[in-house]
Amino acid sequence: MSQLEQLATKTMASLLSLGAEEAVVSVSEGTHTTLQRRDGKVEQATEASTRGLAISLLVDDRWSNHSTSDLRDDALATFMARAVEATRLLEPDPDRRLPPVQECGRGVSEETLDQLDPHFSERTTEQRATEAVELERAVAEHAPNGLVSSSTFVADGRSRAVMVMSNGFSGSHEGAWFSSGGEATLTDGERRPEAYAYYGARYRGDLPSPEAIAIELRARAHERIGSGPVASGTYPMILANHAVGRILGILAGPLSGGAIHQRRSCLADKLGETIGASCLTIIDDPTLPRGLGSRPWDSDGRVARVMPVIEAGVLKRHYINTYYSRKLGVSATTSGSSNWVVRPGDRSPEAIAAALPKAILVTGFLGGNSNAATGDFSFGIRGVLLENGAPTRSLSEMNVRGSVLDVFKRLAEVGDDPWGYSSVRSPSLLFADMEFSGA
Amino acid sequence: MPPSDPSSADWFADFGVNRSNALAVLAAATRHGGDHADLFFEHATTTSLAMSDRKVNRAFTSVDLGVGVRVVVGDQVGYAYTEDLSLESMLRVARIASEIARGGKAVAPVPSSPRALPNRYPIARTWENVALSERIPLLQAWEERAFSLDPRVIKAELSLADTDRRVWIVCADGREASDYRPMTRAFVNCTVEDGAVRESGGYNLAARNDLSFYTAERQARLVDEAVLRAVRSLDATTPPAGEMPVVMAAGSSGILLHEAVGHGLEADFNRKGISVFADRIGQRVAPAGVTIVDDGTVPFSRGAINVDDEANDVERTVLINDGILTSYLHDNISAKHYGVSPTGSGRRESFRHPVLPRMRATYMEAGPYDPREIIASVERGIYCETFANGQVQIGAGDFAFYVRHGYLIEDGKLTRPVKDVNLIGNGPKVLEAIQMVGNDLVIDESGWTCGKDGQSVPVSQGMPTVKVAALSVGGGTR
């Protein structure tokens with residue numbers, strides 16, 4: 001038994017002896033390193049080993065959560081005693097129960113999830129430094145016009161977590177992650193517009209090459225030159241694959257069991273109804289090999305399973321954890337999103353754009369928010385005006401607005417270019433007649 | 001036993017840390033040299049209680065303990081941290097941080113001694129001495145009030161959270177400071193229903209204070225504002241789209257300053273040449289009469305600090321004086337770069353994060369106009385009253401903030417309520433477009449949190465009523 005497992009098991013025994021009826025103990029440890037360079041030298045190097053312990057308790061039908069990074073024996077004993085004592089002061093909540101052990105466990109093997117790059121443990125400080133220099137060199141070789149300053153980074157980390165539940169379930173999970181990217185700031189009159197290109201992956205080898213990152217960064221930087229607003233009105237919107245997460249994110253609030261229970265979800269009564277175009281299918285897939293959002297079980301310990309969220313435009317599932325399933329009297333699904341996989345279409349975004357006399361390509365967002373109760377959203381955007389697929393104007397100081405209940409029905413086409421560097425794996429999307437405000 | 005003075009550095013003796021081993025850790029950190037090195041010890045305990053469905057049925061507590069070790073060479077930073085305060089563990093991370101100065105010659109750190117600091121948040125009782133049984137009745141009373149205020153309230157969620165945070169900063173140059181930083185924050189969120197229309201609204205209060213912060217007036221305001229905001233949304237509509245005059249209400253409208261000006265004046269962005277305000281010190285950036293400050297000394301405010309996270313004194317920094325750009329917000333690295341004194345703006349989220357120049361309480365000084373006169377001067381525009389969040393692009397200067405509630409202004413009068421709209425503009429252009437400044441400065445008491453480079457720190461913001469000639473309103477075009 002590893003040290004983490006020993007600590008989790010010992011903590012569970014203590015909590016039960018202190019009077020907990022049910023409990024969950026999670027213990028984790030990890031390391032991470034970030035190396036950031038700017039203008040030819042290291043700007044910041046950060047390295048850490050970290051650990052922590054979290055518990056959830058049911059005492060006399062009362063529920064609470066606690067965490068600590070002070071793992072000294074005496075401190076832990078005091079921490080647990082206080083946690084149990086505090087829980088007794090709450091009001092009872094009979095809906096707080098762990099899921100049945102039969103519903104807990106590993107959905108897929110660690111091998112299938114493939115979260116740990118076997119080469120991670122061989123990485124050295126020198127190797128990271130070399131990678132950072134290579135990326136910086138590539139960005140310099142492909143420097144955008146008018147460059148004021150650029151920075152690059154390489155980062156990686158590894159973590160291991162153990163979960164022990166009083167219902168009999170226990171398990172451990174390990175993973176690594178890698179990230180790299182760059183930022184570039186240009187002169188453009190009195191403005192100094194900036195561009196970013198960030199990438200994440202579970203395997204180092206799945207990240208784009210330094211040259212690919214540098215070329216993408218240059219393209220995004222050049223796109224920012226001479227930006228301004230065009231006239232307010234309705235335009236087709238092509239949403240670049242790497243920017244889709246922000247729009248899909250407006251679904252997260254109203255799909256949650258908490259919002260439904262608090263009656264502030266505009267999607268509470270929409271299960272089985274059409275809320276999007278027939279070309280929209282979103283799958284929550286925690287089993288995706290090497291997925292950044294993959295996991296063997298959810299935060300309740302429930303077996304991770306592939307779950308359709310929207311299928312051919314029809315809303316299939318809410319996110320209902322164990323607690324809200326009892327509160328709402330519905331079946332539990334899962335506690336929160338993992339990887340969102342949007343089913344791709346047949347055409348490239350370039351081919352889609354070429355067929356449109358005029359469209360706004362949105363490549364990023366600035367500010368904005370949404371209202372889960374009504375579905376209304378309003379976001380600032382960055383992007384490009386396209387005419388017959390050709391860029392004719394860089395756009396800034398513009399907003400796009402709409403409603404969760406309407407925007408996905410406006411989805412006209414899904415591209416063939418799924419983004420592979422985040423937990424939202426979506427191709428570019430074309431929406432018809434979106435409301436943009438500008439000049 | 002814990003010392004009676006909550007800000008005493010002796011707090012960390014309980015964890016086996018003292019000046020002698022701090023000096024040893026600093027020696028390890030500077031074994032290859034370095035212009036500066038510091039240790040940031042932190043111990044924070046947080047308690048949060050939440051109420052829903054008429055029950056105080058959720059509690060969360062946390063303990064966060066650790067030390068961050070920083071070594072600075074020129075503008076290069078080596079940083080490492082650990083949650084384990086054993087000498088062995090601290091020496092290990094110090095050696096990691098020292099690698100940034102690899103190839104240099106060891107410098108001996110100077111033994112440190114404590115120094116007296118002003119106390120901008122003197123409290124009678126730390127939060128660890130407030131029993132849960134004292135907090136629970138507060139939540140129950142707030143919920144009772146929420147349901148009694150309006151029959152359309154169908155759900156209410158409430159929470160009360162607080163933190164006792166102790167920090168001890170020890171620098172290789174012999175400077176040292178310790179600070180006890182309390183924080184409390186209360187939230188009320190209501191769902192209201194009128195026929196088929198359902199809306200939600202919330203309000204929160206926060207301060208570096210103890211339980212006495214929750215006066216009868218504040219408790220009433222906390223609940224009344226949440227209910228009012230939810231109810232007002234029932235009748236609110238989407239405003240029209242496009243550029244139009246905007247009147248920012250007194251108080252949380254300081255979000256405009258935070259996004260349009262504040263971030264761009266953080267000196268790290270300027271020394272790197274990547275802010276739209278780089279090289280503009282001494283220039284006119286706003287009309288005469290516009291004075292903007294960032295102030296770490298506002299008593300009990302969420303953005304107040306007795307000492308910054310590099311052990312520097314904290315000041316009221318005038319950023320723009322009567323329209324002229326006068327100062328950036330500095331940490332040690334940028335102050336050295338520009339040859340000026342630090343402004344006490346070096347802050348970090350926790351021991352897990354290196355120091356950055358950050359805002360504290362950002363506000364605009366009051367001007368001459370009656371707020372009613374300002375509204376009356378607008379033929380057609382938007383009055384922005386409450387806000388959710390904002391963002392800025394430092395180099396381009398473009399910024400945005402999300403308006404939860406406001407009003408249309410028609411013929412100089414507030415008419416229809418509007419809601420949920422993003423406003424976008426360009427920082428330097430908006431500064432130039434400030435046309436009227438009200439005489440009613442309010443520093444907002446809500447719990448604002450500022451994000452930068454993945455770090456969140458508590459801040460405050462304030463504003464008198466202000467008229468901006470034009471901002472782009474992300475409203476409807478259909």
Side-chain angles (χ1 to χ4, degrees), chain A residues 38 41-51 62-70 79 82-83 86-87 89-91 93 125 148-149 185 190-194 224 227 229 232-234 262-264 366-369 371 373-374 376 378-380 396-401 435-439, chain B residues 55-66 76-83 96 99-100 132-133 154-155 157 191 198-200 238 241-243 272-276 352 354 388-391 393-398 400-402 420-422 424-426 428 472-478:
Chain A
R38 178 181 294 278
K41 60 184 180 183
V42 173
E43 181 173 43
Q44 188 164 295
T46 306
E47 188 171 332
S49 300
T50 181
R51 59 184 195 171
R62 292 149 169 92
W63 181 262
S64 64
N65 304 290
H66 313 267
S67 71
T68 183
S69 68
D70 186 358
F79 168 78
R82 284 185 180 162
T87 310
L89 294 172
L90 301 174
E91 292 178 83
D93 191 346
T125 304
V148 173
S149 179
T185 302
E190 290 192 350
R191 292 158 67 95
R192 299 186 183 202
E194 58 267 68
R224 296 288 78 227
S227 70
S232 303
T234 56
Q262 282 300 312
R263 300 175 70 180
R264 52 166 188 262
L366 183 64
N369 209 323
N371 180 332
T374 63
D376 293 338
S378 178
F379 293 119
S396 62
E397 295 183 64
M398 294 189 71
N399 289 293
V400 63
R401 74 159 299 278
E435 290 180 84
F436 286 89
S437 66
Chain B
K55 288 177 184 167
V56 181
N57 56 8
R58 267 174 292 171
F60 170 74
T61 71
S62 72
V63 178
D64 210 16
L65 174 71
Q76 299 176 276
V77 175
Y79 198 77
Y81 66 82
T82 177
E83 288 122 350
I96 291 169
E99 290 301 313
I100 196 78
L132 287 190
S133 55
I154 56 169
K155 289 276 186 181
E157 281 189 307
T191 307
R198 208 175 288 154
E199 263 291 1
S200 69
T238 301
E243 282 193 1
K272 296 171 192 171
I274 59 174
S275 166
V276 73
R352 297 185 179 88
N389 54 288
Q391 196 181 351
Q393 291 176 277
I394 300 297
D398 296 338
F401 55 85
Y402 190 82
D420 292 318
V421 62
N422 203 48
I424 199 162
N426 181 269
S472 185
V473 177
T477 59
R478 275 190 256 278

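Chain identifiers are assigned alphabetically (A, B, ...) following the order of the sequence lines, protein sequences preceding nucleic acid strands; residue numbering begins at 1 within each chain.
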Could you tell me whether a side-chain N or O of [X] sits under 3.5 Å from a main-chain N or O of [Y], the two making a donor and an acceptor?
X: A:E91; Y: B:K55; answer: no
X: A:S437; Y: B:V473; answer: yes
X: B:S200; Y: A:R264; answer: no
X: A:E47; Y: B:A80; answer: no
X: B:N389; Y: A:G367; answer: no
X: A:R192; Y: B:G273; answer: yes
X: B:T191; Y: A:Q262; answer: yes

Are any of the side-chain nitrogens in B:D398 or A:R191 under 4.0 Å away from the carboxylate oxygens of its partner?
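Salt bridge present between B:D398 and A:R191.
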Exercise: identify the closest heavy-atom pair between [X] and [Y]:
X: B:Q76; Y: A:K41; answer: NE2-CB, 3.9 Å
X: B:N422; Y: A:F379; answer: ND2-C, 3.6 Å
X: A:F79; Y: B:V63; answer: CD1-CG2, 4.1 Å

Calculate, to the nearest 0.5 Å, the distance between atoms OG1 and CD belonging to A:T50 and B:E83 respectively.
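The CD atom of B:E83 is 3.0 Å from OG1 of A:T50, to the nearest 0.5 Å.
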Listed partners of A:R62 passing salt bridge (Lys or Arg N to Asp or Glu O under 4.0 Å), at least two apart
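If we apply the salt bridge (Lys or Arg N to Asp or Glu O under 4.0 Å) test to A:R62, skipping adjacent residues, there are no hits.
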Tell me, for A:V42 versus chain B, whether the close heavy atoms (under 4.5 Å) come from the side chain, the backbone, both or neither.
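Both parts, heavy atoms under 4.5 Å.
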Please state whether the side chain, the backbone, both or neither of A:A83 comes within less than 4.5 Å of a heavy atom of chain B.
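Neither part; nothing is under 4.5 Å.
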Please look at [X] and chain A and tell me whether the side chain, the backbone, both or neither of the residue comes under 4.5 angstrom of a heavy atom of that chain.
X: B:Y79; answer: both
X: B:T238; answer: side chain
X: B:I100; answer: side chain
X: B:P428; answer: neither
X: B:F401; answer: neither

Please identify, among B:T61, B:V421, B:I274, B:D64, the residue contributing the most non-hydrogen atom pairs under 4.5 Å to chain A.
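Top option by heavy-atom pairs under 4.5 Å: B:T61.
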Sort out for me which of B:E199, B:K155, B:R352 touches chain A most, counting heavy-atom pairs under 4.5 Å.
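With the most close heavy-atom pairs to chain A, the winner is B:K155.
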Are the side chains of B:I394 and A:E194 in touch, meaning some heavy atoms are under 4.5 Å apart?
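Answer yes - side chains close enough.
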